Number of protein chains: 2
Amino acid sequence: MARVQRDGGDDAEPTAELPAVRDQGPSAVNGRKVPMAADKVRSIPEAAVARLAVYLRVLSGMAEQGAVTVSSEELATAAGVNSAKLRKDLSYIGTYGTRGVGYEVDVLTVEIERVLGLTRQQKVAVVGIGNLGHALANYGGFPGRGFPVEALFDVDPDLIGIPVGGLPVNHIEDIPDICATRKIAIGVIATPPAAAQAVCDRLVEGGVHCVLNFAPVVLQVPGHVEVRKVDLAIELQILSFHVARNAEQRVSRRTAAARASSNGEVV
Amino acid sequence: MARVQRDGGDDAEPTAELPAVRDQGPSAVNGRKVPMAADKVRSIPEAAVARLAVYLRVLSGMAEQGAVTVSSEELATAAGVNSAKLRKDLSYIGTYGTRGVGYEVDVLTVEIERVLGLTRQQKVAVVGIGNLGHALANYGGFPGRGFPVEALFDVDPDLIGIPVGGLPVNHIEDIPDICATRKIAIGVIATPPAAAQAVCDRLVEGGVHCVLNFAPVVLQVPGHVEVRKVDLAIELQILSFHVARNAEQRVSRRTAAARASSNGEVV
DNA sequence: AGCCGCTTGTGAATGCGTGCACAAAATCCG
DNA sequence: CGGATTTTGTGCACGCATTCACAAGCGGCT
Ligand SMILES: NC(=O)c1ccc[n+]([C@@H]2O[C@H](COP(=O)([O-])OP(=O)(O)OC[C@H]3O[C@@H](n4cnc5c(N)ncnc54)[C@H](O)[C@@H]3O)[C@@H](O)[C@H]2O)c1
Ligand SMILES: NC(=O)c1ccc[n+]([C@@H]2O[C@H](COP(=O)([O-])OP(=O)(O)OC[C@H]3O[C@@H](n4cnc5c(N)ncnc54)[C@H](O)[C@@H]3O)[C@@H](O)[C@H]2O)c1
């Protein structure tokens with residue numbers, strides 16, 4: 001699996017069509033429950049969306065190796081999931097497989113991209129050009145995948161105007177203005193925690209509906225704004241929990257083994 | 001073995017005890033199914049662990065502001081979750097609240113830290129000291145939270161020996177050796193995707209049981225190794241999906257509104 | 001053509017996580 | 001001292017997610 005980043009760019013295909021989110025299930029229109037505002041448009045599980053993105057990357061790797069079709073089993077193991085789960089995930093976006101054969105790699109790629117809204121580029125702004133912000137601004141993997149970084153912001157006067165990754169840093173008070181005029185879709189917050197909420201507010205003011213937050217704080221946003229957080233400290237703590245759990249399991253297993261052996265049992 | 005270990009009550013004070021992982025559910029010990037190796041020791045939901053880490057941070061913020069006790073409602077809103085969920089999460093680790101009052105901030109802090117295994121420091125190694133690796137190595141938030149970075153690795157000969165964040169960079173072929181001798185608990189992979197698997201193998205070889213992977217690849221590891229991945233491209237794609245979905249909802253709402261208004265309905 | 005083997009797509013079963021709602025506990029207050 | 005008030009801890013029900021298992025469909029082979 002020789003993944004080569006920078007998958008050229010098949011960002012072609014303006015595909016003026018709608019993302020075609022399925023909404024009907026087995027029995028779509030039966031008035032059971034009718035929970036007031038039955039906006040049952042949202043049908044594809046959040047967890048599945050995350051995996052679709054993984055499949056997409058695996059697929060692009062396979063396409064590079066010249067694969068034309070792929071079975072659910074292959075794709076699933078490559079993506080590290082159960083094949084049944086993969087098929088169910090794919091079934092949410094339509095039926096693009098051929099029984100007895102598998103899926104056509106490029107068809108599947110296009111369809112997943114469409115559902116994920118990747119046919120249109122989503123412009124990104126990064127706020128807080130410190131250690132992390134520099135890494136993000138310089139990272140080539142985002143533009144290459146349809147997420148061009150089109151604005152940088154900071155408060156530090158020494159940074160304003162300096163180009164980072166080919167883009168000059170602007171002052172945070174221009175966030176609403178610039179985001180609105182450049183039609184920024186996604187704001188990335190890499191400021192210190194204390195500044196994150198204020199920055200977020202400015203982004204929302206500028207019409208940004210999606211925020212990726214690296215600062216370890218819980219952001220407060222209006223309902224129509226989607227926030228995802230990446231919290232490395234929490235990731236480490238989850239891992240730490242597993243260390244502790246495993247250690248304890250080892251201990252209890254050892255005592256169990258000791259007990260067993262003292263009983264003459266075989267473990 | 002019918003140990004329904006309902007931690008009998010207030011073992012509060014003596015902190016030196018084991019994490020006391022609960023294992024029983026409603027009907028703990030009935031031989032139904034008996035799925036071969038019934039190591040049902042793991043009882044605290046993964047999702048809850050992640051939230052516990054969030055609570056911990058909120059708590060530390062509250063402690064700084066001099067709060068002594070906190071109610072589930074306060075803590076929940078500060079952490080951005082439902083208060084019932086918070087109480088359920090806390091119930092997994094024991095009963096440390098006082099009805100009618102709330103939780104003592106420092107008691108709760110200590111208990112969560114214990115369950116997460118944060119009473120012991122977990123040593124961290126970072127592999128791949130590029131853009132991202134530099135940011136990680138320089139980040140002060142990790143040591144401050146009990147995760148000292150104690151080893152850095154790269155292949156680039158220009159980097160070997162150079163101190164980054166006060167720690168010299170070592171060559172990746174020394175990973176197994178150094179990780180074993182320094183008792184590294186967590187390995188962080190920030191290399192290009194193509195190198196990630198090989199690096200991971202070396203970490204495992206060095207006795208590292210936990211891996212945090214920033215490279216966009218699915219790592220293959222033996223069963224006892226825990227991997228968490230942080231994949232920014234996927235985060236962006238999930239956000240992109242929501243942009244697409246919302247856009248479509250807006251469209252369908254608009255058409256619905258048009259239809260409704262043409263019918264004389266009120267929307 | 002017709003059968004056979006392979007793979008998809010999906011009903012159904014199970015399990016997990018969430019949120020409600022309330023009894024139990026503890027404090028406060030008159 | 002007893003009841004009002006507050007807040008925890010959890011039983012329960014519901015909905016989402018995962019997994020199984022298999023019929024339906026497709027291509028290839030004879
Ligand atoms: N560096 C890491 O590896 C790492 C890891 C985990 C989490 N984080 C989090 O990411 C965030 C950034 O980390 P970092 O290491 O890049 O920090 P940093 O201190 O290197 O950079 C912060 C940047 O934000 C700027 N800034 C400060 N106040 C601002 C404001 N009000 N508006 C806009 N910009 C402002 C600063 O000028 C600086 O350039 C922090 O919240 C940190 O906790 C970083
Ligand atoms: N920079 C970002 O903001 C960002 C964002 C998302 C994902 N990522 C991912 O994080 C990883 C690192 O990104 P980066 O921007 O720091 O890349 P980078 O190119 O700046 O750094 C990579 C580093 O890894 C080292 N390296 C190369 N091969 C190695 C090997 N076999 N063993 C050890 N080290 C090796 C290189 O010498 C370099 O120092 C990549 O997988 C990238 O896809 C980065």
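Within every chain, numbering begins at 1; the chains are lettered A, B, ... in the order of the sequence lines, protein sequences first and strands thereafter. None of these values were measured; they are calculated from a predicted model.
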Heteroatom pairs (N/O) under 3.5 angstrom, protein to nucleotides 24-28 of chain C:
residue: C:dA24; atom: N3; partner: B:R99; partner atom: NH1; Å: 2.6
residue: C:dA26; atom: O4'; partner: B:R99; partner atom: O; Å: 3.3

Distance, rounded to the nearest Å, where B:E46 contributes CD and D:dA17 contributes P | 17 Å

Within this structure, what is the OH-to-C1' distance between A:Y103 and D:dG25, rounded to whole angstrom?
-> 13 Å

So which of residues 72-87 of chain B are in contact with DNA chain C, with a heavy-atom cut-off of under 4.0 Å?
-> B:N82, B:A84, B:K85, B:R87

Give a yes/no answer on whether the side chain of B:Y92 brings an N or O atom under 4.0 Å of OP1 or OP2 in C:dT18.
-> no

Can you check the B:Y96 OH to D:dG9 C1' distance for me, whole Å?
-> 14 Å

In whole angstroms, how far is the P atom of D:dG15 from the CD1 atom of A:I44?
-> 21 Å

Position toward the 5' end of DNA chain D (nearest nucleotide), B:S71 or B:K88 = B:S71

Value in whole Å for how far the P atom of D:dA17 lies from CZ of A:R51 | 8 Å

Quick note, salt bridge (charged side-chain N to carboxylate O under 4.0 Å, His left out) partners involving residues 63-88 of chain B, not counting sequence neighbours, are none

Of A:L59, A:L108, A:T69, A:T98, the residue whose pairing with A:Y103 passes side-chain contact (heavy atoms from CB on, under 4.5 Å) | A:L108

So, B:R245 and A:E46, do they make that salt bridge, N to O below 4.0 Å?
-> no

